[in-house]
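Atoms considered below: every heavy atom in the structure, side chains included; atoms not considered: hydrogens, waters and symmetry mates. These figures come from a predicted structure and were not determined experimentally.
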Amino acid sequence: MDLAVLFSNLVGLFLLIGVGFFVVRSGLLPAEASKPMSTLLMKVTVPATIIHSMIRPFDPGFLRLGGCIFLIGAVIYPLFAGLSLALARLFQVPEGRRGMWCCCTTFCNNGFMGFPVALALFGEEGLTLTVILGIPFNLLLYSVGARMVCMDLPQSRSGHPLSWGRAVFSVINLSMAIGLLLYFTQLPLPQALSAPLGYLSDATTPLSMIITGMNLSQGKAADILRDRDVFTASGTRLLLFPLAAWALIRLIPGVDPLIAGAALINLAMPAPAAAALLGEQYGGCTQLAARTVFLSSLLCIVTIPLVSLLL
């Protein structure tokens, strides 16, 4: 495990969160500005990021490895979702927070931290496998994850519940279909399209972290230490679920070590900043999401090296 890479990404994460915290506390932006910013992310920059990540050379010999890690994600994420619902009851997470708690534990920050760490540890092949693992991640985060967040809303609220049709046929999932089409057909994009996609893709990470900081600014730092749900969510996300993933991956006969390493490291990442974006979009508990993202990102400096010892 290259701790220098991990420290570098953590410093960048906290600095970006700090920017969001500062702009609200200093009065440069109102806290309510996070709402339109999250809409910009969900509807524009995140789809651009997904499409841009799939514009890469086609390698037939790599399909077997890619198919294997895709299946791992397609099995493990739904399993995590089911386990999180049971654990939320076990940990007595209150109504109104349970859906966001499940979203934060089921899914992980495989973009901002997962991609660069996979590149540093496993090279270009590891990064490509991580992108493929992100396919079921994105399909489920913005459908199942969105439904989880909506569990916290009153049933009588206008626009709730989020229908499965809206969740599955979302802008995010449409962009995933476009990205896959471009990858398998190898249709070249003109520079006039590929360059703006790259610019929008580059904006996704800083904007998502800034929104997380803006959400954190609406509470006190000490509130994180007093929030039991944040600790149970962080422990589940960073330790319990990676151990479960490791046990399942070991059951796969003849699994390639590269697949096992890339999958396990990414499944041990902190809670996703996208959880706070989903909360902004659909009215879920953004405070719980922001606090869990912050604490789990801080604690992963210890937990990820521990998980890497299983490889």
Side-chain angles (χ1 to χ4, degrees), residues 49-51 53-86 102-103 105-111 113-115 117-119 121-148 164 167-170 172-186 236-237 240-269 271-272 274 304 307-308 310-311:
T49 301
I50 293 171
I51 295 173
S53 70
M54 299 302 294
I55 302 175
R56 57 185 59 248
F58 180 77
D59 182 1
F62 199 66
L63 284 182
R64 185 184 65 84
L65 294 179
C68 183
I69 201 166
F70 176 89
L71 289 175
I72 288 175
V75 170
I76 285 183
Y77 284 122
L79 177 63
F80 283 179
L83 287 174
S84 69
L85 292 170
C102 292
C103 183
T105 56
T106 299
F107 301 101
C108 52
N109 193 342
N110 69 342
M113 292 186 65
F115 286 3
V117 171
L119 178 62
L121 297 180
F122 307 110
E124 289 289 344
E125 283 194 338
L127 175 60
T128 304
L129 287 174
T130 300
V131 171
I132 295 173
L133 182 64
I135 295 174
F137 169 86
N138 283 296
L139 287 172
L140 293 169
L141 173 63
Y142 296 104
S143 54
V144 174
R147 290 281 299 189
M148 284 177 168
W164 282 109
V168 173
F169 297 102
S170 64
I172 299 293
N173 290 340
L174 176 62
S175 65
M176 182 65 67
I178 294 173
L180 288 171
L181 177 66
L182 292 174
Y183 176 71
F184 283 110
T185 62
Q186 290 293 290
T236 301
R237 167 92 298 280
L240 184 58
F241 279 0
L243 288 174
W246 171 76
L248 288 172
I249 291 172
R250 280 178 58 87
L251 295 176
I252 303 174
V255 62
D256 190 287
L258 179 61
I259 292 176
L264 185 59
I265 289 298
N266 276 276
L267 291 169
M269 289 292 153
I304 292 179
V307 171
S308 70
L310 299 174
L311 298 177

Please report the C-alpha distance between Phe70 and Ile135 in whole Å, then the side-chain angles of each, then the deciding distance to 0.1 Å, and finally whether the side chain to side chain contact (heavy atoms under 4.5 Å, CB included) criterion is met.
CA-CA 7 Å; Phe70 176 89; Ile135 295 174; 3.5 Å; yes

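- For the residue pair Ala268 and Val307, the shortest heavy atom distance occurs at CB-CG1, 4.0 Å.
- At least one side-chain heavy atom of Phe107 sits under 4.5 Å from a side-chain heavy atom of Leu140.
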Does Leu79 form a side chain to side chain contact (heavy atoms under 4.5 Å, CB included) with Leu248? I'd like the steps, not just the answer.
CA-CA 11 Å; Leu79 177 63; Leu248 288 172; 3.1 Å; yes

Could you please spell out the steps behind the side chain to side chain contact (heavy atoms under 4.5 Å, CB included) verdict for Ser308 and Leu264?
CA-CA 8 Å; Ser308 70; Leu264 185 59; over 6 Å; no

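- Interatomic distance, Ile50 CD1 to Ile55 CD1, rounded to the nearest 0.5 Å: 12.5 Å.
- Listed here is the closest heavy atom pair of Val75 and Pro78: O-CD, 3.4 Å.
- Pairing each heavy atom of Ala245 with each of Phe80, the nearest pair is CB-CZ, 4.0 Å.
- Atom-to-atom distance recorded for Asn266:CG and Leu133:CG is 6.0 Å, nearest 0.5 angstrom.
- The minimum heavy-atom distance between Ser84 and Thr106, with the atom names listed, is OG-OG1, 3.1 Å.
- The side-chain heavy atoms of Leu243 and Leu310, taken from C-beta on, include a pair separated by under 4.5 Å.
- With a 4.5 Å cut-off on side-chain heavy atoms, Tyr77 and Leu267 count as touching.
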Yes or no on side chain to side chain contact (heavy atoms under 4.5 Å, CB included) for Ile72 and Ile252, after CA distance, side-chain angles and deciding distance?
CA-CA 10 Å; Ile72 288 175; Ile252 303 174; 3.9 Å; yes

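- Nearest heavy-atom pair across Ala260 and Ile249 is CB-CG2, 3.9 Å.
- With values rounded to the nearest 0.5 angstrom, Ile69 atom CD1 is found 6.0 Å from Ile259 atom CD1.
- Residues Arg250 and Val255 fail the side-chain proximity criterion, which asks for heavy atoms closer than 4.5 Å.
- For Thr105 (side chain) and Cys102 (main-chain N/O), a donor-acceptor pair under 3.5 Å exists by modelled atom type.
- The two residues Arg237 and Cys108 come nearest to each other via the heavy atoms NH1-CB, 3.3 Å.
- Residues Leu182 and Gln186 have side chains not in contact (no heavy-atom distance under 4.5 Å, counting atoms from C-beta outward).
- Considering only heavy atoms from C-beta on, Val144 stays 4.5 Å or farther from Cys103 through its side chain.
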